[in-house]
Amino acid sequence: MRRADFYLIDKPRFREDPLLLVCELARKAHAAGQPTLILTRDFPQAEAVDEYLWSFDEDAFIPHQLAGDDDDEGTAVLIVPPGVDTADRPLVINLRDTCAPGQYDRVLEVVAADPAERDGSRVRWQEYKRDGFAVAKHDM
């Protein structure tokens, strides 16, 4: 069964730096051998995630790039801003305000502590459930 996991940011270290959680989820996915897409809200956020994946942990190396190059298929983690088409992957980390498009086995929804973001996540929760996903919440 396909799964949607909602990571609700609550801990101070993630409240101050939500992209840290995204990087930690990407590191865990890479360690498990899961090809991953990170769907960003816009191009500046995609660039920020790209930079952060290089610097968030000096001991971590996560092969990644912005989607849209010829070697996308061989890269473990693709960062995908809106308007860029790429092949589906089994795992998606979604930072957008809408449900992740495409075919995948699991989606990780990263939800900031902002009340408006929480409201939007409730709508996505219901959409995933309606589409047959098993949904779960994780307080981070």
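Quick note: residue numbers are just sequence positions, from 1. The figures here come from the full heavy-atom set of this structure, side chains too, leaving out hydrogens, waters and symmetry mates.
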Is there a side-chain contact between L95 and L39 (heavy atoms, below 4.5 Å)?
no
ILVMFWY network linking M140 to I93, side-chain heavy atoms under 4.5 angstrom
yes
Pairs meeting criterion salt bridge (Lys or Arg N to Asp or Glu O under 4.0 Å) with involvement of residues 64-74, two or more places apart
none
Scanning both residues in full, the closest heavy-atom pair of L53 with A26 reads CD2-CB, 4.1 Å
Is it the case that one hydrophobic cluster holds both V84 and V92, taking links as side-chain heavy atoms less than 4.5 Å apart, direct or via other members?
yes
Connecting only ILVMFWY residues whose side-chain heavy atoms lie within less than 4.5 Å of each other, what is the rest of W54's hydrophobic cluster?
F61
Salt bridge (Lys or Arg N to Asp or Glu O under 4.0 Å) pairs, two or more places apart, involving residues 130-140
K137-D139
According to side chain to side chain contact (heavy atoms under 4.5 Å, CB included), who are the partners of A134, at least two apart in sequence or on a separate chain?
M1, R3
Going through the distances and angles, do Q65 and D50 end up as a side chain to side chain contact (heavy atoms under 4.5 Å, CB included)?
CA-CA 7 Å; Q65 68 184 31; D50 180 42; 5.7 Å; no
Is V123 isolated, or which residues cluster with it under the ILVMFWY side-chain rule of less than 4.5 Å, directly or via members?
none
With F56 as reference, evaluate V49, L20, V22 under the side-chain contact (heavy atoms from CB on, under 4.5 Å) test and give the passing residue.
L20
Residue list, side chain to side chain contact (heavy atoms under 4.5 Å, CB included) with F43, at least two apart or on another chain:
E47, L66, P81
So, for Q34 and P90, which heavy atoms are closest and what is the spacing to 0.1 Å?
OE1-CB, 3.7 Å
Transitive ILVMFWY side-chain link Y128 to W125, under 4.5 Å
yes
Count I, L, V, M, F, W, Y as connected when their side-chain heavy atoms are under 4.5 Å apart, and connections chain through other members. Are L108 and I79 then in the same cluster?
yes
Which pairs with one or both residues in residues 79-105 pass ring-ring contact (aromatic ring centres under 6.0 Å, His included), sequence neighbours excluded?
Y104-F133
Minimum side-chain heavy-atom gap I38-V80 below 4.5 Å
no
Side chains of L25 and Y7: closer than 4.5 Å at any heavy-atom pair?
yes
For residues 21-33, which residue pairs qualify under side chain to side chain donor-acceptor pair (under 3.5 Å), counting only residues two or more places apart or in two chains?
R13-E24, R27-D57
Is any side-chain heavy atom of I9 less than 4.5 Å from a side-chain heavy atom of V110?
yes
So, for A48 and L19, which heavy atoms are closest and what is the spacing to 0.1 Å?
CB-CD1, 3.9 Å
Gap between atom OH of Y52 and atom NE2 of H64 - 0.5 Å precision:
13.0 Å
Name all residues meeting the salt bridge (charged side-chain N to carboxylate O under 4.0 Å, His left out) criterion together with D10; count only those two or more places apart in sequence or in a different chain, and write none if there are none.
R15
Listed partners of E58 passing side chain to side chain contact (heavy atoms under 4.5 Å, CB included), at least two apart
none
Do any N or O atoms from the side chain of T40 and from the backbone of D42 form a donor-acceptor pair under 3.5 angstrom?
yes
Residue list, side chain to side chain contact (heavy atoms under 4.5 Å, CB included) with D97, at least two apart or on another chain:
R41
Side chain proximity check, R124 to V111, heavy atoms < 4.5 angstrom
yes
Contact list for residues 79-96, test side chain to side chain donor-acceptor pair (under 3.5 Å), sequence neighbours left out
N94-E109
When you measure from the side chain of S121 to the backbone of D119, do you find a donor-acceptor pair of N or O atoms at a distance under 3.5 Å?
no
